[in-house]
Amino acid sequence: MRVGVLTGGGDCPGLNAVIRAVVRKGVGMYGYDFIGFRDGWRGPLEGNGSALDVKSVRGILPRGGTILNSSRTNPLQVEGGVERIKDNLRNFRVEALIAIGGEDTLGVATKLHEQGLHVVGVPKTIDNDLGATDYTFGFDTAVNVAMEAIDRLHTTAESHRRALIVEVMGRHAGWIALHAGLAGGANIILIPEVPFDIEKVCSYIEHRFRTNYAPIVVVAEGAVPTGGDMILKDASRDAFGHVKLSGIGDWLAKEIEHRTGHEARCTVLGHIQRGGTPTAFDRVLATRFGLHAIEAVHDAAWGTMVALRGTNIVRVALCEATQELKTVDLARYSEAEVFFG
Ligand code: F6P
């Protein structure tokens with residue numbers, strides 16, 4: 001059998017580990033051959049793919065990014081997009097497709113499965129916001145990057161007696177902020193799920209200075225002040241209709257300076273969280289996802305996605321992954337509140 005592989009949406013550390021595991025097991029155990037499609041859904045849409053063999057996946061386990069490149073192309077927005085994908089898969093003699101992606105990529109995979117394509121999904125995203133899996137790979141690396149940044153910011157914040165704000169990614173879920181904030185000992189963590197009161201934030205800041213420490217605030221890019229709107233630098237949208245988040249960190253720094261009189265600075269971690277080598281946790285999770293995804297292809301389990309439940313990798317319906325965003329619940333957030341102020 002010939003199997004196609006693609007990586008779509010925002011990249012994250014661990015994508016190459018999935019590709020390697022899929023190809024190694026697919027060639028070694030099942031005798032399959034592979035076509036790697038370029039740039040997410042743009043690859044099958046434009047017929048841009050090439051052979052992926054064991055040699056081409058050598059040495060990629062520790063490498064961040066994706067050897068197949070990625071894009072946020074939405075073929076459902078392209079006239080005749082689904083038919084073009086079907087034709088191109090036929091031309092490449094590809095019988096099954098493994099789509100590695102987040103909410104958007106897997107949403108397209110779900111639609112294509114409904115149209116009869118043989119698709120298996122693998123969940124990825126640093127945001128960890130996919131409903132059907134306990135964790136996505138990429139998240140642990142992003143959290144570790146943010147934690148290390150917070151560790152470093154503590155010392156410079158103390159030297160200058162400043163409030164330092166760290167804006168992290170995560171879109172509309174606060175997982176990165178919550179985990180990095182807890183791991184890095186932040187004094188305040190602000191997440192999209194719980195609108196924040198700026199006066200309360202300032203009173204935590206002042207309390208922290210009174211006790212002779214410099215405060216570190218971790219704010220998720222999607223966090224919103226109570227009664228206010230999302231603060232954005234750029235309101236343009238991608239092909240899936242998402243706005244570019246970021247701006248809340250700078251807004252907070254200004255508000256804090258203005259309201260408390262203490263100097264404040266903001267560090268936006270941005271794409272640093274998505275780059276570089278995956279952690280051991282992400283390499284193992286991504287590798288296991290890849291091994292189970294090719295097994296799902298072998299079992300003709302079309303329309304399924306591999307997922308982590310506890311420590312086991314299971315198969316779930318693809319549509320489950322995109323049905324509901326997995327956000328931080330109040331109980332989890334309350335655990336962290338003990339350390340605020
Ligand atoms: O979904 C992953 C993510 O990194 C989000 O956390 C972030 O909001 C978005 O992608 C950034 O997208 P882009 O790379 O297109 O700027």
Main-chain N/O of R20 paired to R58 side chain as donor or acceptor, under 3.5 Å
no
Step by step, work out the side chain to side chain donor-acceptor pair (under 3.5 Å) result for E103 and T125.
CA-CA 9 Å; E103 188 196 358; T125 167; over 6 Å; no
Please check if L130 and L15 belong to a single hydrophobic cluster, counting links between Ile, Leu, Val, Met, Phe, Trp and Tyr side chain heavy atoms closer than 4.5 Å.
no
Would you say that more than 12 heavy atoms from the other residues, nucleotides or ligands in this model lie under 6.0 Å from the CZ of R24, or not?
no
Heavy-atom check, side chain of D104 versus side chain of N74, under 4.5 Å:
no
Do V22 and Y32 make a side-chain contact, defined as non-hydrogen atoms from C-beta onward lying under 4.5 Å apart?
no
Can you check whether L245 reaches L232 side chain to side chain, under 4.5 Å on heavy atoms?
yes
With a cut-off of 6.0 Å (strictly less than), are more than 12 heavy atoms of other residues, nucleotides or ligands near CZ of R152?
no
Side chain R274, main chain D11, donor-acceptor under 3.5 Å
yes
Does T141 reach the main-chain N or O of T279 with its side chain, forming a donor-acceptor pair under 3.5 Å?
yes
Heavy-atom neighbours of R2 CZ exceed 12 at 6.0 Å
yes
Can I313 be reached from V297 by stepping across I, L, V, M, F, W or Y side chains whose heavy atoms are under 4.5 Å apart?
yes
Over 60° means perpendicular and under 30° means parallel, so classify the ring planes of Y135 and F281, tilted if in between.
perpendicular
Result for side chain to side chain contact (heavy atoms under 4.5 Å, CB included) between I35 and one of L6, V94, V3 points to V94
Could you tell me whether a side-chain N or O of D53 sits under 3.5 Å from a main-chain N or O of D33, the two making a donor and an acceptor?
no
Under 3.5 Å, side chain of T133 to main-chain N/O of L308, donor-acceptor pair present?
yes
Checking side chain to side chain contact (heavy atoms under 4.5 Å, CB included) against P123, which of V306, V316, T322 comes through?
V306
State whether the side chain of D39 and the backbone N or O of N69 hold a donor-acceptor pair below 3.5 Å, judged by distance alone.
no
Crowded around Y213 OH? As in, over 12 foreign heavy atoms under 6.0 Å?
no
Hey, is the main chain of R63 close enough, under 3.5 Å, to the side chain of N16 for a donor-acceptor pair?
yes
Which word best sums up how the rings of F340 and Y204 line up, parallel for under 30°, tilted for 30 to 60°, or perpendicular for over 60°?
perpendicular
Check against side-chain contact (heavy atoms from CB on, under 4.5 Å), I165 and T267:
CA-CA 6 Å; I165 324 300; T267 302; over 6 Å; no
E114 CD: over 12 foreign heavy atoms closer than 6.0 Å:
yes
I'd like to know if the side chain of Y333 and the backbone of L178 have a donor-acceptor N/O pair within less than 3.5 Å.
no
Check whether any side-chain heavy atom of M1 lies under 4.5 Å from a side-chain heavy atom of H298, and answer yes or no.
no
Check whether any side-chain N or O of D299 sits under 3.5 Å from a backbone N or O of A301 as a donor-acceptor pair, and report yes or no.
no
For the side chain of D282 and the backbone of F137, is there at least one donor-acceptor N/O pair under 3.5 Å apart?
no
If the condition is side-chain hydrogen bond (donor to acceptor under 3.5 Å, both in side chains), which residues does R90 pass it with, not counting sequence neighbours?
D87
Which atoms form the tightest heavy-atom contact between A146 and A180, and what is the distance?
CB-CB, 3.5 Å
Assess whether side-chain contact (heavy atoms from CB on, under 4.5 Å) is satisfied between T156 and R265, documenting all intermediate values.
CA-CA 11 Å; T156 171; R265 296 277 195 283; over 6 Å; no
Could you walk me through whether F196 and L252 pass the side-chain contact (heavy atoms from CB on, under 4.5 Å) test, one step at a time?
CA-CA 11 Å; F196 65 86; L252 259 178; 4.0 Å; yes
Full working for side-chain contact (heavy atoms from CB on, under 4.5 Å) between K124 and V18
CA-CA 10 Å; K124 70 86 227 188; V18 180; over 6 Å; no
Mark yes when over 12 heavy atoms from residues, nucleotides or ligands other than E158 sit less than 6.0 Å from its CD; otherwise mark no.
yes
What orientation do H242 and F240 show, parallel under 30°, tilted 30 to 60°, or perpendicular over 60°?
parallel
Taking the side chain as every heavy atom from C-beta outward, state whether M169 and H271 have any atom pair closer than 4.5 Å.
yes
